[in-house]
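For reference, the structure discussed in these notes is given below.
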Amino acid sequence: MRQLIDECAPLIFRAVSDIGITEEQILSLLGPATDTRLADVAMPCHSLAAIFQKPPVDVSEEISGLISTFLEGIALTSSMNGFVNLKADPAWLSARAMKLLPDERLGVSKEKPRKVVVDYSAPNVAKEMHVGHLRSTVIGDSIVRMLEFKGHDVIRENHIGDWGTPFGMLIEHLIDIGEDDFALDKGISDFDQFYKEARSKFDNDEFFANRSRSRVVLLQSEDDDTLRLWRVLVNVSTSYFNEVYDMLGVLLDDRDLMGESAYRHLLPQVVERLEKSGLLEESDGASVVFLGGKWVNRKGEPFPVMIRKGDGGFNYSTSDLACIIDRVERLSCDDLLYVVGTPQKQHFEMVFEVASRAGLMQNWHNAKHVNFGSVLDSNGQMLKSRTGQSVKLVDLLKEAIYRADESISEKNPGLTENDRERVSKMIGIGAVKYADLSTDRSKDYTFDWDKMLSFEGNTAPYLQYSHARICRIFSLSPLSRADVKNANIIIQTEEEENLARCIVNFSEAVDNASSTFHPHKLCTHIHSTSSAFASFYEACPILKSDDHTILKSRLALCDLTARTISTGLGLLGIQSPEEM
RNA sequence: GGGCGUGUAGCAUAGCCUGGAUAAUGCACUGGCCUCCUAAGCCAGGGACCGCGGGUUCGAAUCCUGCCGCGCCCGCCA
């Protein structure tokens with residue numbers, strides 16, 4: 001309840017300045033109440049007790065008595081157990097809620113724009129997309145949407161794995177099976193098989209392995225025919241990625257592609273600049289940077305960042321440094337976000353450290369590894385398919401849609417074929433995304449079909465259902481959504497009060513989620529809102545209320561709730577069906 | 001061996017950054033509520049030495065420290 005604190009703090013200070021409490025003390029003590037039944041905002045007075053030489057209970061009572069008239073119309077004041085408790089006055093809540101009625105943004109402010117590069121998704125060419133890419137794609141998409149909503153200039157970058165030594169064997173395998181067949185067959189089928197066949201030939205066939213190695217050299221020297229074959233692999237892969245992105249409903253498209261190949265001409269420059277800054281050292285024939293400090297290997301010896309391998313090739317640290325140069329110098333970005341799994345934490349720490357020391361980015365650049373945990377099955381193991389392979393993303397999405405379709409067919413047989421198909425896609429995909437986004441991204445997450453597709457609990461279908469219910473109410477209502485924009489919101493019941501409180505707090509939830517890149521904070525808030533709505537819906541007749549002003553007021557709350565849910569879900573990349 | 005992370009009811013999680021009251025939510029469980037706007041819902045209830053031990057503090061799930069369990073990383077893969 002940031003808004004309530006902001007409004008109350010100066011008034012409290014005015015009320016208590018006589019007894020010698022400073023504004024700093026008030027601001028540091030005021031905070032969200034832990035017990036939300038008692039208060040929205042609380043001020044513990046235990047630390048003041050020592051100063052006044054009185055028990056905390058007496059201090060809180062005294063302060064409560066002094067401030068209550070100053071906060072009239074804003075918050076209701078009480079005291080208990082040494083706490084001053086402030087509960088938002090229903091009149092204040094309704095005034096705040098009414099302000100949001102004509103506001104498309106539901107009170108969410110825009111910030112001073114920063115230019116933010118978000119690096120996410122990053123599938124590999126000629127490889128299947130799996131659940132790891134799902135997390136990066138879904139989390140990245142949501143972060144992009146939140147940052148754009150907050151007014152930032154966001155540049156999406158899909159750093160696909162489209163360069164490097166594996167492409168020797170992939171191109172040779174492509175030649176073997178014939179490129180025409182490949183392009184025709186591979187549309188949305190099995191890349192894993194293609195990759196595995198290539199790998200197997202590389203490992204078992206010395207002649208093939210030698211061809212592959214020569215092919216890498218040709219690729220790196222940009223031989224025309226080799227590049228042409230390489231493009232076949234890239235094009236078929238990216239059109240496949242696009243099909244998956246389309247199915248997922250994320251913002252990524254071809255314009256966002258910035259694969260590793262895009263940085264290959266910058267790699268020698270990285271070496272040059274590190275050399276010039278004196279960071280580069282030779283070690284066992286390779287060029288490396290030793291950072292010292294906590295970065296030591298098993299034997300306690302310094303552990304380096306590999307810049308140029310002994311064979312003259314570059315690897316991923318070099319490529320990431322080239323990316324930083326490009327993003328800082330060509331794009332002039334302020335922030336660099338990397339939506340990549342937690343296992344690569346150390347890698348990014350080291351790369352950022354090298355980039356800073358080499359002056360590739362400045363203090364005011366904010367480079368952040370937006371890490372995420374692994375996807376586990378119900379046994380706490382990394383999620384695998386029945387055959388022990390990593391799960392193909394398309395299969396997973398298809399199953400989600402299929403399962404959603406089954407549920408809807410059973411629960412609402414009245415839907416037309418067309419609507420059912422459209423809605424099952426929204427629900428199935430929404431369920432997968434929400435399950436991923438609703439827990440702290442930095443922790444591992446447990447994948448569970450039944451839970452994510454359940455229409456109960458903290459799931460997308462539950463939230464979508466709340467939204468659909470409200471749309472249904474308006475379809476039966478004498479007043480339209482537009483008609484209630486000027487409504488006088490009257491809060492009479494506890495359920496109306498709780499709902500209004502959720503609606504008013506939406507902007508704060510968006511700010512918390514976007515500033516920390518933690519979408520689950522937004523999920524938690526939308527779920528509370530939905531839950532408050534369900535209670536309101538049971539307790540407060542809407543269309544059946546006999547008083548027209550109450551009807552209008554409650555419909556206004558419905559409108560705000562629906563927009564809170566759909567805007568919130570929208571920021572998570574999830575659609576809100578109007579019926580389901 | 002070093003580094004990083006993690007441990008909260010039967011299960012899945014939030015709260016930890018920035019210390020406050022009887023630790024929150026969902027599933028599951030128990031008991032209620034459909035001639036009434038979608039019961040895909042609501043209401044009520046039981047269930048937790050917040051991994052273990054120390055420390056700091058008026059006050060610790062939260063901060064510090066030591067253990068224990070689990071996971072990831074530690075030179076030419078990305």
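For clarity, every value in this text was computed on a predicted model and none was experimentally measured. These values consider heavy atoms only, across backbone and side chains, with no hydrogens, waters or symmetry-generated copies. Sequence lines set the chain letters: A, B, ... in the order given, protein chains first and strands last, and positions in each chain run from 1.
Distances were taken from every side-chain heavy atom of A:A534 (C-beta onward) to each of B:A39, B:C42, B:G15; the shortest belongs to B:C42. Side-chain atoms of A:P304 lie closest to B:G75 of the nucleotides B:C76, B:A39, B:G75. Considering only side-chain atoms of A:K443, the nucleotide from B:G41, B:C11, B:A14 that sits closest is B:A14. The side chain of A:Y316 lies closest to B:A78 when the candidates are B:G75, B:C72, B:A78. With B:A78, B:A12, B:C74 as the candidates, the nucleotide lying closest to the side chain of A:Q344 is B:A78. For A:E579, counting side-chain heavy atoms from C-beta on, the closest listed nucleotide (B:U38, B:G26, B:C4) is B:U38. Considering only side-chain atoms of A:E456, the nucleotide from B:G20, B:G41, B:G3 that sits closest is B:G41. For A:N315, counting side-chain heavy atoms from C-beta on, the closest listed nucleotide (B:A78, B:G15, B:A39) is B:A78. Listed nucleotides B:A14, B:A40, B:C73 differ in distance to A:T439; the shortest reach to its side chain belongs to B:A14. Side-chain proximity of A:N297 to the nucleotides B:C74, B:A40, B:C4 is greatest for B:C74.
Partners of A:S28 by side-chain contact (heavy atoms from CB on, under 4.5 Å), not counting sequence neighbours: none found. Taking the side chain to side chain donor-acceptor pair (under 3.5 Å) definition, one finds that A:Q464 meets it with nothing, sequence neighbours left out.
For the pair A:E579 and A:R472, the salt-bridge criterion is not met [side-chain N within less than 4.0 Å of a carboxylate O]. Looking at A:R357 and A:E353, a side-chain N of the basic residue comes within less than 4.0 Å of a carboxylate O on the acidic one, giving a salt bridge. A salt bridge between A:E497 and A:R501 is present, with a side-chain N of the basic residue lying under 4.0 Å from a carboxylate O of the acidic one. A salt bridge links A:R403 with A:D450; the closest basic N to acidic carboxylate O contact falls under 4.0 Å. Taking the charged nitrogens against the carboxylate oxygens, A:E349 and A:K294 do have a contact shorter than 4.0 Å, which makes a salt bridge. With respect to the salt-bridge test (charged N to carboxylate O, under 4.0 angstrom), the residues A:R327 and A:D119 qualify.
Residue A:N371 is classed as having no contact, given no heavy-atom separation below 4.0 Å to the nucleic acid. Within 4.0 Å (heavy atoms only), A:D284 reaches at least one base atom of the nucleic acid. Backbone-only engagement by A:H520 is indicated by non-hydrogen atom pairs under 4.0 Å involving sugar-phosphate atoms exclusively.
Between A:R469 and the phosphate of B:A39, there is a side-chain N or O to OP1/OP2 separation shorter than 4.0 Å. The phosphate of B:U38 has OP1 or OP2 within less than 4.0 Å of a side-chain N or O from A:R472. The phosphate of B:C42 (OP1 or OP2) has a side-chain N or O of A:Y462 nearer than 4.0 angstrom. Proximity of A:K411 to the phosphate of B:A39: no side-chain N or O atom is located under 4.0 Å from OP1 or OP2.
Comparing A:E538 and A:N124 against RNA chain B, the residue whose closest nucleotide sits nearer the 5' end is A:E538. For the pair A:P461 and A:K299, both in contact range of RNA chain B, the more 5′-proximal nearest nucleotide belongs to A:K299.
Within residues 34-44 of chain A, the residues approaching RNA chain B are A:T34, A:L38, A:A42, A:P44, by heavy-atom distance under 4.0 Å. If you check residues 46-58 of chain A against RNA chain B, the residues with a heavy atom closer than 4.0 Å are A:H46, A:S47, listed by number.
B:A48 sits 14 Å from B:G7 when the C1' atoms are compared, rounded to a whole Å. Comparing the C1' positions of B:A24 and B:G47 gives an interatomic distance of 14 Å, to the nearest angstrom. Nucleotides B:U18 and B:U65 have their P atoms positioned 15 Å apart, rounded to a whole Å. Taking the C1' atoms as reference points, B:C58 lies 26 Å from B:C52, given to the whole Å. Atom name P, nucleotides B:C27 and B:U22: the rounded distance is 27 Å, in whole Å. Taking atom C1' in both B:A44 and B:A12, the straight-line distance is 23 Å, to the nearest Å. Only the P atoms considered, B:C68 is 35 Å distant from B:C77, to the nearest whole Å.
By the criterion of a centre-to-centre distance under 5.5 Å and near-parallel planes under 30°, the ring of A:Y465 forms a stack with the base of B:A40. Ring stacking is absent between A:W295 and B:G3, as the pair misses the limits of under 5.5 Å between centres and under 30 degrees between planes.
Looking at A:N458, its side chain has no donor and acceptor atom pair within 3.5 Å of the base of B:A14.
Judged as a side-chain hydrogen bond (donor to acceptor under 3.5 Å, both in side chains), the pairs with a partner in residues 519-532 of chain A (not counting sequence neighbours) are, in order, A:S466-A:S530.
The aromatic rings of A:W449 and A:F447 lie perpendicular to each other, with more than 60° between the two planes, well past the 30° mark.
Of all heavy-atom pairs between A:I542 and A:I473, the closest is CD1-CD1, 3.9 Å.
Using a 3.5 Å distance cut-off with no hydrogens or angles, the side chains of A:S121 and A:T137 do pair a donor with an acceptor. Remark: the A:S545 side chain and the A:D547 side chain contain no N/O donor-acceptor pair separated by less than 3.5 Å.
Using modelled atom types, one side-chain atom of A:E496 and one backbone atom of A:T493 make a donor-acceptor pair closer than 3.5 Å.
A cation-pi geometry, defined here as NZ or CZ lying under 6.0 Å from the six-membered ring centre and within 45° of its normal, does not hold between A:K127 and A:F191.
For A:H347 and B:C4, the NE2 to C1' distance is 16 Å, given to the nearest whole Å. Summarising the geometry, the separation between CG on A:D444 and P on B:U8 is reported as 13 Å, rounded to the nearest angstrom.
B:C33: glycosidic angle beyond 90° from 0, hence anti.
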Parsed dot-bracket for RNA chain B after applying the Watson-Crick and G-U rules with both distances under 3.5 Å and | for other-strand partners is (((((((..((((......[...)))).(((((.......))))).....(((((..]....))))))))))))....

